[in-house]
4 protein chains.
Amino acid sequence: MFIELDLQSETPIYAQLVDQIVEGIASGALQPGDPLPSVRRLAEDLGINLHTVNKSYNLLKQEGFLQVHRKKGVIVQPDGMPGVTEAFEEKLRRQLRSLAAAAAVRGMTEEVFAQESRSVYRNTITNHGGEQH
Amino acid sequence: MFIELDLQSETPIYAQLVDQIVEGIASGALQPGDPLPSVRRLAEDLGINLHTVNKSYNLLKQEGFLQVHRKKGVIVQPDGMPGVTEAFEEKLRRQLRSLAAAAAVRGMTEEVFAQESRSVYRNTITNHGGEQH
Amino acid sequence: MFIELDLQSETPIYAQLVDQIVEGIASGALQPGDPLPSVRRLAEDLGINLHTVNKSYNLLKQEGFLQVHRKKGVIVQPDGMPGVTEAFEEKLRRQLRSLAAAAAVRGMTEEVFAQESRSVYRNTITNHGGEQH
Amino acid sequence: MFIELDLQSETPIYAQLVDQIVEGIASGALQPGDPLPSVRRLAEDLGINLHTVNKSYNLLKQEGFLQVHRKKGVIVQPDGMPGVTEAFEEKLRRQLRSLAAAAAVRGMTEEVFAQESRSVYRNTITNHGGEQH
DNA sequence: GTGGTCTAGACCACT
DNA sequence: GTGGTCTAGACCACG
């Protein structure tokens, strides 16, 4: 796996895991239908607790990014990703607002902020593209 | 006060307070040198504990957004806001990356994402400008 | 533990704790990566409140002397200590100025004052060195 | 007066006043027997509270740096300054220890630390010299 | 009256 | 069991 955890970070490990898997999907490194390591396997590889991996997988399942089959194990959602729900829009805006305010106070202009957003988006997609759904 | 807290939210109260005060500064509702309510006062107004407000004020003080003036009490930094440090850039990018990935997976295009960022930025500034140095 | 607190002192307990931990690092008694007692544990050992220890740990974390590791708990900064920042130089000079003035007024010569500084420095390092980067 | 107060500082105003007066004596700007402004006068000049000035003067009187006469008002100790008491030595060492440890941890060498101390001492004396007592 | 400090006790998220 | 968060009540230094 391409996953790197920062045990010193203040973001919980399970959240870091979620983020990195989502980024993996966004970048195309993980394609719809692709299998993910089993809970046990991944936990061992990363040197973390089973519960932690489990929590991440469950969250991703709830969001519709993953499917969990008894047989196939865990795979990336093959039937189309969730799409931009209202809940997501709201969450996105709420977080952007917080970031934008901090940026503005520190003197970062609208132009730079928007450009920063664009370039970060582009970099997360590099390898391929996020035209799922 | 213009502050609204969601006591049920999973984001800590103190963090919400920090965000809203920063947004207040960004929007111009709070001008450099402006006094903020005393910890006791604000705590009572918001129906929360004094220590929670204190924690928020302290964080903002450490970041350089607020100062404790021995006569005026707590005031908005009058001597120029912190500016875009490398640490801030990094934090900004890290958070943007997470948002961008989720957006991309859900099918939101780069264009829409950047536009969203821009419009959110603009809305936080509405009232008036961010002429920090 | 090697920590001694003076509960009657006018310097806050949390500040004494901070000082002693820094001295522990300087003397080599605490090595980079070494774990510190949990807040609860140390609080109990010292007979003080958990929050007081917490405050000290937090300050040291913000200064970059400690880290919170999600598995090891609180540890001494393993990735290199902060270094001599301008802010630190300023604080150092401000405090030295106050001490030097009092010393001078009482008739202590420059030579003695400098020698005193040197010998105190040497004594804090005794056990072993300060090979921070 | 040559006194500058920093109302944003975390050092209490009365302590800043004490420091600056001691520095004034150390530098020779204030000579033994020299009169100081009355409590009222100084308070007004500095825009601070009477009690604050009073507290500073009292502390300096207790330490033996000032004399308070009903007639002459407040004057700089004309009968020889206190000298290096054991209590002072202890306080000096305690504070130096804290500074030295922080300096050492940040990588400042003994040589630099001692040199810093020496140069700060020299600068506080510039105008004249502290050979009282 | 203000912020700073300390104590005490409680719940929760995380691992 | 760990750190993080929140509440509650209290004392003190400061101005």
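Lettering of chains follows the sequences in order, A, B, ..., and the numbering in each one begins at 1. Computed from a predicted structure; not experimentally measured.
We find that CG of B/Leu42 is positioned 14 Å from C1' of E/dG3, with the value rounded to whole Å. Separating the CG atom of B/Asn58 from the P atom of E/dG3 is a distance of 11 Å, rounded to the nearest angstrom. Atom CG in C/Asn49 sits roughly 13 Å away from atom C1' in F/dT7 (whole-Å rounding). To the nearest angstrom, P of E/dT5 lies 18 Å from CD of C/Gln8. Look at CG on B/Leu50: it is 14 Å from P on F/dC6, rounded to the nearest Å. Rounded to whole Å, atom P of E/dG3 lies 16 Å from atom CG of B/Leu59. Rounded to whole Å, the distance from CD on B/Glu44 to P on E/dG1 is 12 Å. Following rounding to the nearest Å, B/Ile75 (CD1) and E/dG3 (P) show an atom-to-atom distance of 12 Å.
The residue among C/Leu7 and B/Val74 whose nearest nucleotide of DNA chain E lies closer to the 5′ end is B/Val74. Annotation: of the two residues near DNA chain F, C/Lys61 and B/His51, the 5′-most nearest-nucleotide partner is C/Lys61.
Within a heavy-atom distance below 4.0 Å of DNA chain E, the residues of residues 13-22 of chain C found are C/Ile13, C/Tyr14.
B/Arg94 pairs by the salt bridge (Lys or Arg N to Asp or Glu O under 4.0 Å) definition with nothing, not counting sequence neighbours. Partners of A/Gln77 according to the side chain to side chain contact (heavy atoms under 4.5 Å, CB included) rule, which considers only residues two or more places apart in sequence or in another chain, are A/Gln67, A/Asp79, A/Met81. B/Val74 meets the side chain to side chain contact (heavy atoms under 4.5 Å, CB included) test with B/Leu36, B/Tyr57, B/Leu66, B/Val68; sequence neighbours excluded. For the side chain to side chain contact (heavy atoms under 4.5 Å, CB included) test, residues two or more places apart in sequence or in another chain that qualify with D/Gln16 are D/Leu5, D/Asp6, D/Ser9, D/Thr11. Under the rule for a salt bridge (Lys or Arg N to Asp or Glu O under 4.0 Å), C/Glu44 has no partner lying at least two apart in sequence or in another chain. Residues forming a salt bridge (Lys or Arg N to Asp or Glu O under 4.0 Å) with D/Glu63 (at least two apart in sequence, or on another chain): C/Arg106.
Under 4.0 angstrom from either OP1 or OP2 of F/dT5 there lies no side-chain N or O belonging to B/Thr52. The phosphate of F/dG3 (OP1 or OP2) has no side-chain N or O of C/Asn54 nearer than 4.0 angstrom. Not one side-chain nitrogen or oxygen of B/Lys55 sits closer than 4.0 Å to the OP1 or OP2 atom of F/dC6.
Applying the salt bridge (charged side-chain N to carboxylate O under 4.0 Å, His left out) test to residues at least two apart or on different chains, none of the pairs has a partner in residues 16-40 of chain B.
Closest contact between the side chain of B/Ser38 and the listed nucleotides E/dT2, F/dG4, F/dG15 involves E/dT2.
One finds the CD1 atom of A/Ile21 at 7.5 Å from the CD1 atom of A/Ile25 (value rounded to the nearest 0.5 Å).
At least one donor-acceptor pair under 3.5 Å links the side chain of B/Ser56 to the backbone N or O of B/Tyr14.
There is a side-chain donor-acceptor pair under 3.5 Å between B/Asn58 and B/Lys61.
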Strand DNA chain E in bracket notation, Watson-Crick/G-U under 3.5 Å with | for pairs to another chain
||||||||||||||.

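Note on C/Arg40: a base of the nucleic acid sits closer than 4.0 angstrom, heavy atoms only.
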